Amino acid sequence: MAAISIRKLVKRYGHGAKAQQVIHGVDAEVHDGEFVVIVGPSGCGKSTLLRMVAGLEEVSEGEIAIGPRVVNDIEPADRDIAMVFQNYALYPHMSVAENMAYGLKLRKMPKAEIDERVQRAAKILELGHLLARKPRELSGGQRQRVAMGRAIVRDPQVFLFDEPLSNLDAKLRVQTRLEIQKLHRELGVTSLFVTHDQVEAMTLAQRIIVMNGGRIEQIGTPEEVYGQP
Ligand code: ADP
Ligand code: ADP
């Protein structure tokens, strides 16, 4: 079954005469457990598409389903997804552990289960020794791992990544990319990853969606899209 189904999706920003259409009827499916990367030049609509899957932008026309459920009218918090952002979006006044626990507390999860999930995520991401620190006391790579930890504790059906590596220096970018690969191997969570970086797409993707001008230009394996390495 498809983990994400996108049907005849249209997005317009603004209203009336000022409306600007930026997604022009996109159809795509992401299979259960699959790692799909959306690539394309800046401004082609990648982030808008991902944000609609996350529920952070309204759908103008068409349909998005996560699993069997159409989510057009479902709040972001009630979708079975977790998003990892480019700028980490951590709360500066909270510790690493509190940052990871926050979303679960909002959902009124029992404390024992929250602690267990935070510990498990910290172990996967090797953050155990940093749980009491504040974000400002962490390196960029550590902050991005906390952002991933916050996604993991939700135990979602789908991970959404919005250019999570683009604020990291070259070395950390490679390291964090390997961590994301390991994460996908270990947890097997369906992943939709947006980037403008061809190397990221080639190394992470099982399938690549190439976007241009608000449309899908091509969908295929890295070999099909970029040729044999
Ligand atoms: P990408 O992620 O591929 O760089 P975006 O989805 O950010 O592309 O943007 C696609 C187009 O939509 C661009 O022309 C951008 O300027 C426009 N856009 C993005 N967000 C908004 C917004 N909130 N209001 C109006 N236009 C927007
Ligand atoms: P990204 O690289 O993630 O697309 P941007 O710097 O393009 O980030 O956009 C940052 C924020 O501004 C996003 O929330 C996006 O939706 C919004 N945005 C982007 N383009 C426009 C635009 N033309 N008008 C209004 N908001 C925009």
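Please read all numbers here as calculations on a predicted model, not as lab measurements. Keep in mind that the numbers below use all heavy atoms, side chains included, and drop hydrogens, waters and symmetry copies. Atoms within each ligand, like the ligands themselves, are counted from 1 in listed order.
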I209 side, atom CD1; I219 side, atom CD1 - distance, nearest 0.5 Å: 4.5 Å
Parallel, tilted or perpendicular: rings of F193 and F161 (30°, 60°): tilted
Heteroatom distance test (E57, ligand 1): nitrogen or oxygen, under 3.5 angstrom: no
Atom indices of ligand 1 within 4.0 angstrom of P41 heavy atoms, with elements: 3 (O)
Side-chain ion pair, E224 and R207, N-O less than 4.0 Å: no
Per-atom contacts, ligand 1 versus S42 - under 4.0 Å to a heavy atom: 4 (O)
Sidechain N-carboxylate O distance under 4.0 Å for R120, E116: no
L50, T195, T48, N212: member with heavy atom nearest to atom 6 (O) of ligand 1: T48
Residue S47 vicinity, atoms of ligand 1 by number, heavy atom under 4.0 Å: 1 (P), 2 (O), 6 (O), 7 (O)
side-chain contact (heavy atoms from CB on, under 4.5 Å) evaluation trace for H31 with Q206: CA-CA 10 Å; H31 306 136; Q206 290 170 323; over 6 Å; no
Sub-4.0 Å atoms of ligand 1 with respect to non-hydrogen atoms of V22: 11 (C), 12 (O)
